[in-house]
Q: 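One structure is given below, represented as structure tokens, and several questions about it will come after.
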Amino acid sequence: MKKIEAIIRHFKLEDVKNALTEQGVQGMTVTEVRGFGRQKGHTEMYRGAEYQVDFVPKIKIEVVVPEQRLQTVLDTIIQSARTGEVGDGKIFVSDLAQSVRIRTGELGPEAL
Amino acid sequence: MKKIEAIIRHFKLEDVKNALTEQGVQGMTVTEVRGFGRQKGHTEMYRGAEYQVDFVPKIKIEVVVPEQRLQTVLDTIIQSARTGEVGDGKIFVSDLAQSVRIRTGELGPEAL
Amino acid sequence: MKKIEAIIRHFKLEDVKNALTEQGVQGMTVTEVRGFGRQKGHTEMYRGAEYQVDFVPKIKIEVVVPEQRLQTVLDTIIQSARTGEVGDGKIFVSDLAQSVRIRTGELGPEAL
Amino acid sequence: MKPRRRILGLGIFLLLVVTLSGWVLNSSAVAADAMAAFDDSIAAPHEVDIDTGDNAWILTSSALVLMMTGPGLALFYCGLVRKKNVLSVMMQCIFLMGVMAVVWAVLGYTLAFGGEEPWIGNLDYLLLNGVQGQWVEPSQLSQVQGDVHLIHCRGVDAVQVVPMAGSIPRLTHMLFQGMFFIITPALICGAFAERMKFSAMVLFMMLWGLLVYCPLCHWIWGGGCLTFGGEGAIAGGTLDFAGGAVVHISSGVSALICALLIGKRLGFGSEPMPPHNMTYTAIGAALLWVGWFGFNGGSALAANSLAASAFAVTHFGAAAGAIAWAGWEWILRGKPSVLGACSGLVAGLAGVTATTGYVQPIHGILIGALCASACYYACTVVKNKFGYDDSLDVFGVHGVSGIVGMTLVGVFATRAVTDPAVSGGQPLGLIEGGSIITGQLATVAIASVFSIAVTFVLLRILDTLIGLRVSEKEEIEGLDFSEHGEEGYILL
Amino acid sequence: MKPRRRILGLGIFLLLVVTLSGWVLNSSAVAADAMAAFDDSIAAPHEVDIDTGDNAWILTSSALVLMMTGPGLALFYCGLVRKKNVLSVMMQCIFLMGVMAVVWAVLGYTLAFGGEEPWIGNLDYLLLNGVQGQWVEPSQLSQVQGDVHLIHCRGVDAVQVVPMAGSIPRLTHMLFQGMFFIITPALICGAFAERMKFSAMVLFMMLWGLLVYCPLCHWIWGGGCLTFGGEGAIAGGTLDFAGGAVVHISSGVSALICALLIGKRLGFGSEPMPPHNMTYTAIGAALLWVGWFGFNGGSALAANSLAASAFAVTHFGAAAGAIAWAGWEWILRGKPSVLGACSGLVAGLAGVTATTGYVQPIHGILIGALCASACYYACTVVKNKFGYDDSLDVFGVHGVSGIVGMTLVGVFATRAVTDPAVSGGQPLGLIEGGSIITGQLATVAIASVFSIAVTFVLLRILDTLIGLRVSEKEEIEGLDFSEHGEEGYILL
Amino acid sequence: MKPRRRILGLGIFLLLVVTLSGWVLNSSAVAADAMAAFDDSIAAPHEVDIDTGDNAWILTSSALVLMMTGPGLALFYCGLVRKKNVLSVMMQCIFLMGVMAVVWAVLGYTLAFGGEEPWIGNLDYLLLNGVQGQWVEPSQLSQVQGDVHLIHCRGVDAVQVVPMAGSIPRLTHMLFQGMFFIITPALICGAFAERMKFSAMVLFMMLWGLLVYCPLCHWIWGGGCLTFGGEGAIAGGTLDFAGGAVVHISSGVSALICALLIGKRLGFGSEPMPPHNMTYTAIGAALLWVGWFGFNGGSALAANSLAASAFAVTHFGAAAGAIAWAGWEWILRGKPSVLGACSGLVAGLAGVTATTGYVQPIHGILIGALCASACYYACTVVKNKFGYDDSLDVFGVHGVSGIVGMTLVGVFATRAVTDPAVSGGQPLGLIEGGSIITGQLATVAIASVFSIAVTFVLLRILDTLIGLRVSEKEEIEGLDFSEHGEEGYILL
Ligand SMILES: Nc1ncnc2c1ncn2[C@@H]1O[C@H](COP(=O)(O)OP(=O)(O)O)[C@@H](O)[C@H]1O
Ligand SMILES: Nc1ncnc2c1ncn2[C@@H]1O[C@H](COP(=O)(O)OP(=O)(O)O)[C@@H](O)[C@H]1O
Ligand SMILES: Nc1ncnc2c1ncn2[C@@H]1O[C@H](COP(=O)(O)OP(=O)(O)O)[C@@H](O)[C@H]1O
């Protein structure tokens, strides 16, 4: 199994979720994060104080998939999350040693 | 070392934390996440607008443990987080290359 | 590539970010988390009800770096996040199988 | 379950609509009847003028007292619960503003203030007849009862008749008192927060208002059996300026019964349940302080020196309460807390309520501090000892300070402040050598026992009929979603 | 784009500053001129006394009505949008409080209340001349027009002249009416929330106020062509006590045009756009209820029995509205929601507004329930059918209940309540055999058509000149940052 | 450290309790003494009537002014700090509401308004003697001093004596002025937000109130050495209608001293410290606007034309301030911000405060715009240049606009508005050829120097005794937990 972590734009969440669901992905976990990267933040001004917001709100999606579906899922995310402008985000893939479904105790791909 | 990520129900956090502490786990990190899965969300209605909430609030617990304690910890989490109904969550296990305690610079299992 | 996850103190975020930027790190992702560990929480009292807050607000920084920069980045984080008191946090390092830049589709270290 | 509930809701709602429409549409007819039934022996209506200053102040006070419930109490309470129940608490306050207002207009006001029978009001003011304005032909004018203000119309014989209560229109009196009919039940909501069924809450409050509040209000303020100095009044009657017994004891002890009968929240005692938004609680407390000026100051029913004095007692009572509670925390725990200051000011306010029109403003400081100290003890020591889950300390704050405040009237009341028409120039409190304290203690006992008894019976009946509590699953999920299908904050 | 906008802002701002300074500094001179121009035939000023009670009440009401816009409406609206636009909504309300106040002082009041021409006010009160106090030499005293109150100064011949409106200073009248000039445009903001350009909004509202609100206000309240019983009044004129047509129909139908012309929000219909903070919406609704007592009760322009009656109708209308809307949800969907209760109470309040000084308080229950039911239907069924994005249901709530309320005046209005100087002792509503309903319906039609037409033209012009909508990128980013450079909450 | 602090708190608290109880319980005795000490030469009390309209308005205004501190200022300020300090700011406001109210009743009022000595009030009103009602035997009636209202009691010779201040009870006067005694110190809290020790804050404010506010108030309003036209008044005395000097200069310049002596927040200048909740700040600003109507309008101490005029100046000053500040941002930075509009309206309000009873409402627009512009400059340019950490710009807003406003009284004041009993019919401001501006400028200087000096000494003393600042660790942790043991929001 592989764990895919995708950092995407906030307003793309619905699109990515729908695209993944269409691809048969049945579960995912989403976290609010803040990103720092090439996409610069912006400057806010409160009375006399200028203040640089370096971190941009982003969404992190975590999906665990069986090895064989990795590429499809990656492609789906890339397509549905892309706008073409700086700040579209990254996808990180790592190996997973094990997965368990708490309810049933099922292990491995069965647990997804 | 292994990194355990468990997605559990919100109101089970206290139970899981206590169970793990009893097993001698000394540290963990908790994140608010939203989950999408077999447990369906619900429908909210604001005036005329119906709106499907697909994401359910969940808690992600991250615990890093030495290899030998993996199974105990897994079992503890499964037991204390289970209700038996859809949506109890998953546990994902992955390998960890290194760990450091910032305060002391200790490495490996010592750092936990 | 390696993925570095550092759990640090809230008010150290600016310092760590600046230190990493100086080291040429171009991107990172930050999450609000709550930590449980040797650093004990505190007791709050609301009218008659005493209540133990076990979880301390922490910041999780995720940085993906090419293998060769791992040590520099680790050192930088350790230095800039350390106060020497219990609760400074941990750093966890794991292997990354792949990374993608959504905007361009670039893969591997190029994507960072 | 769902359909059952739906049907129930439907039933109640239809009942309400039908009854109301019927009544309302008939009201003109009823009015005529009522008038025809008047005693002929009364020759001409007794004309009085409206004092615009008094009317301005009581209307303003009415607005302030409504503001106490919403947003005041709604904020104070909703900040103290967990995030998943924040809306359910707000909904209780806001929906009660609606329901109790209508019940008051239809039936409540007349039960509380219709006639001066000892036990309960008559139906003279049913559906606001004899309260709202009337267009009266000259021939019928002699049948108009009570104080009225007449507005003539150039070139027309008939006249607009405005029923009066002292120097203000009776409508103003009805409105001001009606705001009390809203906040009193709303106070109780704190006892069963985070677990009571909304439908049961609504029914309970309607009945509680009619069966507990209205009688008490009638006995003490409406010329009933506890009227101070009234003929045949029990123990000589009582002085309760703005509701130490009528509002705070009644709601406080009823709240305790609710907490006991409905039971503890799941996880109470084992899980932490800290206030989810102390800023709301603090805002709410400040608004309560401001609104209470209308509550107590308006209870003079005029913008006279009594209103000013009551206003001042209120202010100093709140101030001393905040200092006292936070002060005890500072001494005993090392840190004064915001919740402490807020609880203290509310306790001070609730405590002085009974006393405001009878005691010296400077004594307000002492009374406020005493009440808040008693409440501090009740909420920290007593409550923990007995282990009941009066979730937002309605009994610990309102019940206790209502009782202490009513008692202290017997100590501090003075003819230097009290309306001479009430005091008759006689000494009142212990300090000036009076002995009204027996009446005060009797009233504390009567109000407590009566409220406890009726509340107990009501809850038992409702529990059998529809159940008082949401299911365990709904409680865990939170009432915001399970009872109202909404979420409080979507801040991500 | 940026520089263009900056220049535009600069232009508008300078224009404002220059014009104002010029005008203001000239105002003394103008005052003298104006006075010199008075007709000599008027011998001496007509002296009247100030009724302090009336003045106290109308000043209090003015404060309450301002509180309706900020924080009342600001909270009610901002809770309903998405988090990224929360400040933009607040800013619209707060900035309008500033801009409309100034426009009212300079030009609005005189257009609405200067003289009694049929179509629009004259410039007698330009820059508050003849509204604020004057220091008048004895020789010029004979030239002072209208009702005044004179304050003499010991040992000095000249006198301070206070222009009056009934028993209150004209300044008080100007202030009270000026608060309506703020909230009416602010209501419209709900229609185009989350997408309109701030600069376009400001310009639109200034023009809308002068070109839609002022004429309507003049026709109905300022002695114009819809004055009830006025000579040559269209269809006999209309009874609109506190703004069913002037405030709610005008803003409601204009809002619909805004929603149609500005277009839907990006993602409307496909993306969920749930209220981000229902607690704010509930607090706002409660504050609106409280403030509305000033809105309607103050419209009696005195602290008399009419004020009390209007206050009561308001209270019961809101109550019944909350019950009705939440009740329909309970029946049809199984759960009463907080948003339902809040929407209902606002619909009830908006609905009874027109009727408050003319109908019996007990009928307020019926009227409130009817209006809220109509609005419920409009917001759930009608809106979904047509698919326009009136984002916060300004038309569905204010437009619809304005229309229903104005119509129901024709049914329920009664001389038992109405100021006899207005009713002349004649029957008014259908129920008591009157026939004013024609005038009511005519006014509904006129106010609607007029508001639609002017709004349409204004928006078209502004769209061409500066564009109405922010860019797509800015809309996605949220208006808080893109228009104001700020963030609503930093809670991490 | 902890035990030391605990002991300290305990000490203070006990001191307070003991002193108060002693005083309060003695107060009746004192009252008798005080009366016995009266000069026999005064034959009979001077009876005046209560004007209910005036009383209604000033009571309402008192409520509004309290609302300015809580929740108004509490929200305005707490939104501007970081989340971890939100409660500490609220606590300062709410606890000051308690402490300052008690200090005012005990000692403050008499120091400010007792007698007309040039430098400080006498102790005639100590513990509210001669302010609250009295029950007086006929034989002692001749010894009652000052204006009073007598309430007789049927069949009893003794009489209830109500001390009066003009047409309102003296209690009402005391209450209204007492609300100023709360908000003025509360304003200062903005200067040292996020770092001052709570205990030091409480002690400082109590002393500041007695040693800075009371003298200033006495000099300008209490018949002291700056009374306008008073015999031997410095520079002819000053016109300060509602507190340009007494409230805004005093708090503003003291705030600057606090900021300088207490030092910058950790990380000031290097770390971003953006407002954590702009919605609170906006709500607070709107509530301040509404409450300020009571502040300024109530300062007429009657519901007369002067109240209306002051109300109007307030409204237009706020409006113009909001437009001006946001306008400058729009021009200079391309975007008008919510914080800009809110800061501007507060600056406008603070600026017009001194002028409200003396200038034409239409000039309020100009004055508000000028003050807000000056404050904009002070907060953006001046502050950055000098680099002090006046965290919430108390000096930049209140200090600056207090000074500008007091000066502009000398320009715009006119006998067309000013109470003729004050103006004596003479020209006042430069515009109408008067020359009161010298007195205005003298007062600005005196109030500034006096406040700076006393504040400086007080802080130095307190710093030595108990320390002004929390520890570094506590500051990083946030004052909510370290000082009060609580958390603002638990939204997860
Ligand atoms: N090295 C990294 N490690 C972890 N997260 C990263 C890294 N680089 C970028 N990110 C995340 O990806 C987001 C997008 O990256 P950015 O450089 O702004 O744009 P792009 O991916 O289009 O080049 C960042 O906001 C951050 O959350
Ligand atoms: N493939 C997946 N990858 C990541 N997280 C998942 C995945 N599937 C489920 N989850 C997480 O687990 C939670 C529970 O899963 P769900 O399917 O609802 O119930 P169950 O685990 O009982 O079958 C989800 O809310 C989601 O957060
Ligand atoms: N075994 C663990 N797995 C995951 N996170 C941990 C673990 N132990 C500690 N942490 C995280 O590290 C933080 C700091 O750890 P703590 O034991 O308090 O201090 P220190 O690192 O100085 O010994 C904790 O708050 C928690 O978030």
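Proteins come first, then strands; the chains are lettered A, B, ... in the order of their sequence lines, and each starts at number 1.
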Q: Taking F:A322, F:A312, F:G488, F:S167 one by one, which has the highest count of heavy-atom pairs under 4.5 Å against chain E?
A: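 Top count of heavy-atom pairs under 4.5 Å with chain E: F:A312.
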Q: Between F:T279 and chain E, with a heavy-atom cut-off of 4.5 Å, which part of the residue counts as in contact: side chain, backbone, both or neither?
A: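 For F:T279, heavy atoms of backbone and side chain both lie under 4.5 Å from chain E.
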Q: Between E:F95 and chain F, which part of the residue has a heavy atom less than 4.5 Å away: side chain, backbone, both or neither?
A: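 E:F95 touches chain F through side-chain heavy atoms alone.
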Q: Would the F:H315 and F:W292 ring centres measure less than 6.0 Å apart?
A: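 Here the rings of F:W292 and F:H315 have centres that are no less than 6.0 Å from each other.
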Q: Hey, is the main chain of E:L150 close enough, under 3.5 Å, to the side chain of E:Q160 for a donor-acceptor pair?
A: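 No; judged by distance alone, with no hydrogens or angles, the pair does not exist.
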Q: Look at the rings of E:Y109 and E:W104 and say which category their plane angle falls in: under 30° parallel, 30 to 60° tilted, over 60° perpendicular.
A: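 Rings of E:Y109 and E:W104: perpendicular, as their planes differ by over 60°.
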Q: Find out whether F:L239 and F:V422 are in side-chain contact, i.e. whether some heavy atom of one side chain is under 4.5 Å from a heavy atom of the other.
A: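 Yes. Closest side-chain heavy atoms under 4.5 Å.
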Q: Do F:F412 and F:Y358 have ring centroids that are under 6.0 Å from one another?
A: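 So the answer is no for these two rings.
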Q: Below 4.5 Å from any heavy atom of chain F, which atoms of E:M90 appear? Answer side chain, backbone, both or neither.
A: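 For E:M90, the contact with chain F is made by the side chain alone.
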Q: Determine, using ring centers only, whether F:W330 and E:F198 are less than 6.0 Å apart.
A: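 So the answer is yes for these two rings.
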Q: Using non-hydrogen atoms only, which part of E:A158 is less than 4.5 Å away from chain F: side chain, backbone, both, or neither?
A: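 When you check distances to chain F, no heavy atom of E:A158 falls under 4.5 Å.
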Q: Name the option with the most non-hydrogen atom pairs under 4.5 Å to chain F; the candidates are E:G53, E:G155, E:G70.
A: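 Top count of heavy-atom pairs under 4.5 Å with chain F: E:G70.
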Q: At a heavy-atom separation under 4.5 Å, does F:L345 approach chain E through its side chain, its backbone, both, or neither?
A: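 Side chain of F:L345 only, per the 4.5 Å heavy-atom cut-off to chain E.
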Q: If I measure from the heavy atoms of chain E, does F:F293 come under 4.5 Å with its side chain, its backbone, both, or neither?
A: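 Contact with chain E: side chain only.
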Q: Counting a contact as any heavy-atom pair under 4.5 Å apart, which residues of residues 76-86 of chain E contact chain F?
A: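 The list, in residue order, reads E:V86.
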Q: Between F:W325 and F:C342, is a side chain to side chain contact (heavy atoms under 4.5 Å, CB included) present by the stated rule, with each step listed?
A: CA-CA 9 Å; F:W325 190 307; F:C342 293; over 6 Å; no
Q: Given heavy-atom pairs under 4.5 angstrom as the criterion, report whether the side chain, backbone, both or neither of E:I50 touches chain F.
A: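 It is the side chain, since no backbone atom gets that close.
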Q: Below 4.5 Å from any heavy atom of chain F, which atoms of E:M174 appear? Answer side chain, backbone, both or neither.
A: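 Only the side chain of E:M174 comes within 4.5 Å of chain F.
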Q: Please flag which part of E:L491 lies under 4.5 Å from any non-hydrogen atom of chain F: side chain, backbone, both or neither.
A: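 For E:L491, heavy atoms of backbone and side chain both lie under 4.5 Å from chain F.
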Q: Is it the backbone or the side chain of E:L75 that comes under 4.5 Å from a heavy atom of chain F, or both, or neither?
A: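 It is the side chain, since no backbone atom gets that close.
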Q: In Å, rounded to the nearest 0.5 Å, how long is the span from CD1 of E:I283 to CG of E:L288?
A: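 Result: 12.0 Å between the selected atoms.
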Q: Once you round to the nearest 0.5 Å, how far does CD1 of F:I367 lie from CZ of F:F316?
A: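 One finds 12.5 Å between CD1 of F:I367 and CZ of F:F316.
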Q: Looking at E:V161, E:D54, E:N55, which one has more heavy-atom pairs under 4.5 Å with chain F than the rest?
A: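 With the most close heavy-atom pairs to chain F, the winner is E:N55.
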Q: Would you say the side chain of E:L87 lies within less than 4.5 Å of the side chain of E:M91, judging by non-hydrogen atoms?
A: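 Not in contact.
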Q: Find the one option among F:A341, F:A56, F:A282, F:P336 whose heavy-atom pairs under 4.5 Å with chain E are most numerous.
A: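 Counting heavy-atom pairs under 4.5 Å, the top option is F:P336.
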Q: For a quick check under 3.5 Å, do F:W57 and E:T52 share a side-chain donor-acceptor pair by atom type?
A: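 No, no side-chain donor-acceptor pair sits under 3.5 Å.
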Q: Enter the distance from E:E474:CD to E:K197:NZ here, rounded to the nearest 0.5 Å.
A: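 The CD atom of E:E474 sits 8.0 Å away from the NZ atom of E:K197.
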Q: So which part of F:T414 gets closer than 4.5 Å to some heavy atom of chain E, the side chain, the backbone, both or neither?
A: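 For F:T414, neither part sits under 4.5 Å from chain E.
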Q: So do E:T60 and E:F176 actually touch side chain to side chain, heavy atoms under 4.5 Å?
A: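 Result no, sub-4.5 Å side-chain heavy-atom pair not found.
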Q: In terms of heavy-atom proximity below 4.5 Å to chain E, should F:A318 be classed as side chain, backbone, both, or neither?
A: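 Contact with chain E: none, neither part.
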Q: Please classify the contact between E:I182 and chain F as side chain, backbone, both or neither, with a heavy-atom cut-off of under 4.5 Å.
A: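 Only the side chain of E:I182 comes within 4.5 Å of chain F.
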Q: Sort E:M100 into side chain, backbone, both or neither according to what part of it lies under 4.5 angstrom from a heavy atom of chain F.
A: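 No part of it gets close to chain F.
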Q: Which heavy atom in F:E432 sits nearest to a heavy atom in F:R415, and how many Å separate them?
A: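 Closest approach of F:E432 to F:R415: OE2-N, 3.0 Å.
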Q: Whether the side chain of E:H149 engages the backbone of E:V48 through a donor-acceptor N/O pair (distance < 3.5 Å, no angle test) should be reported.
A: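 At least one qualifying donor-acceptor pair exists.
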Q: Quick check on the interface: out of F:A286, F:S337, F:G425, who has the most heavy-atom pairs with chain E under 4.5 Å?
A: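 The option with the most such pairs is F:S337.
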Q: Tell me whether the rings of F:H276 and F:Y280 are parallel (<30°), tilted (30 to 60°) or perpendicular (>60°).
A: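 It falls in the perpendicular class, over 60°.
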Q: Check the pair F:L287 / F:M68 against side chain to side chain contact (heavy atoms under 4.5 Å, CB included), numbers first and verdict last.
A: CA-CA 7 Å; F:L287 287 177; F:M68 288 176 69; over 6 Å; no
Q: Is E:F481 in contact with chain F via its backbone, its side chain, both, or neither, using a 4.5 Å heavy-atom distance?
A: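 Answer is both: backbone and side chain atoms of E:F481 are under 4.5 Å from chain F.
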Q: Quick one: what part of E:A74 sits under 4.5 Å from any heavy atom of chain F, side chain, backbone, both or neither?
A: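 Contact with chain F involves no heavy atom of E:A74 at all.
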Q: With a 4.5 angstrom heavy-atom cut-off, which part of E:P71 approaches chain F: side chain, backbone, both or neither?
A: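 Both the backbone and the side chain of E:P71 come within 4.5 Å of chain F.
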